[in-house]
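Since the structure comes first, as structure tokens, the remarks are kept for the end.
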Amino acid sequence: MATYVLVHGGGHGGWCYRRVARRLQAAGHEVYTPTLSGLGERSHQLHAGIDLATHVQDVVSLLFHEDLRDVVLVGHSYGGMVITGAADRAADRIGRLVFLDAANPVNGQSLVDVSGPIIEAVRPFGKVVDGVELVLVPESSDVALLYGVTDPADQAWMAERLTGHPWKCFEQRLELRDEAALWAIPQYHICCAATIPTRDPEMVDKARAAGRLWSIDTGHDLMITEPQAVADALLDVAAD
């Protein structure tokens, strides 16, 4: 039995992994889908202090309090920032790192640094709530455009659950403390086919040569649009 911790991306919550989690659980595995502070069902806890470091600590705290070991730690999109920071703080609890169409940061980078114009483009459509600058706010976000979800039923389901995300999380730089331990953890990449050409060619070639790269022809929210393909890839990761 493997233990998976599935970390969502910007504006989402643990809810977005429902279809993947059910498939992994049906295969006999243990699955955690935490929602990061201030998002999803925790959006009522939003406050001005929430940043990338807060979300890293969310995951580290889960690993500690649930006493999880040899975890397959998965991060989608912005979640790639979060799992990199969490694995740096708790490398002894992580067996594998999986970047699910995710940011692949190095020390000192923010999501703005990694994603550049893509993430900057959403900022003008944000709003300020109780002194917190939020982006990816549902009423101004095009689900099909941003997340690649085209099924009308899925779009409606998502629109009811997406929440604004604190901009501070996206501009805060990642601070790594133990890179030797972090980068010793095996890394895997499950990507949308369309984003592979935009990624570091050396990283892609290395992952492909090691059999640690999966390409799925779908939109960015592949855990919603192609849950079986994602679950199959995650099962392969655990079996590697």
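Here, residue 1 is the first one in the sequence, and each next residue gets the next number.
- Enclosure of atom CG in D67 by more than 12 non-hydrogen atoms of other residues, nucleotides or ligands within 6.0 angstrom is indicated.
- Residues Y78 and H165 place their aromatic rings such that the two centres sit under 6.0 Å apart.
- Under the 4.5 Å side-chain contact rule for hydrophobic residues, W214 and V204 do not share a cluster.
- Listed for the Q155 side chain is a donor-acceptor partner under 3.5 Å among the backbone atoms of V149.
- K168 contributes a side-chain N or O that, together with a main-chain N or O of A48, makes up a donor-acceptor pair within less than 3.5 Å.
- Residues M1 and G28 approach most closely at CG-O, 3.0 Å, considering heavy atoms.
- By the salt bridge (charged side-chain N to carboxylate O under 4.0 Å, His left out) test, D113 is found to be paired with R173, residues two or more places apart in sequence or in another chain being considered.
- Using a 30° and 60° split on the angle between ring planes, H220 and Y147 fall in the parallel class, below 30°.
- Hydrophobic clustering places L182 together with L62 (ILVMFWY residues linked when any side-chain heavy atoms are closer than 4.5 Å, directly or through intermediates).
- By the 4.5 Å heavy-atom criterion applied to side chains, L100 and Y17 are counted as neighbours.
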Begin from the C-alpha positions of E133 and K127 and carry the test salt bridge (charged side-chain N to carboxylate O under 4.0 Å, His left out) through to its verdict. CA-CA 6 Å; E133 182 182 0; K127 65 179 181 179; over 6 Å; no
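- Scored by the salt bridge (charged side-chain N to carboxylate O under 4.0 Å, His left out) test, D154 finds R19 as partners (sequence neighbours excluded).
- No donor-acceptor pair closer than 3.5 Å links the side chain of E171 to the backbone N or O of S110.
- Side-chain contact between L46 and P166 is present, with heavy atoms from C-beta onward closer than 4.5 Å.
- Distance check: N104 CG to L97 CG gives 10.0 Å after rounding to the nearest 0.5 Å.
- A ring-centre distance under 6.0 Å is found for Y4 and H29.
- Contact annotation: the side chain of E179 approaches that of N107 to within less than 4.5 Å [non-hydrogen atoms, C-beta and beyond].
- No option in T163, T35, I50, L36 other than T35 meets the side chain to side chain contact (heavy atoms under 4.5 Å, CB included) test with R42.
- Side-chain atoms of R208 do not come within 3.5 Å of backbone N or O of L213 as any donor-acceptor pair.
- Checked by atom type and distance alone, the side chain of R212 never pairs as donor or acceptor with a backbone atom of K206 at under 3.5 Å.
- Partner of W167 under the side chain to side chain contact (heavy atoms under 4.5 Å, CB included) criterion, chosen from L134, V132, I119: I119.
- With hydrogens and angles disregarded, a donor-acceptor distance shorter than 3.5 Å links the side chain of H12 to the backbone of G10.
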Mind listing the side-chain donor-acceptor pairs of residues 231-239 below 3.5 Å, one per line with the distance, residues two or more places apart or on another chain?
unit_1: D232; atom_1: OD1; unit_2: Q228; atom_2: NE2; d: 2.9

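- In terms of modelled atom types and a separation under 3.5 Å, the side chain of D51 and the main chain of C169 share no donor-acceptor contact.
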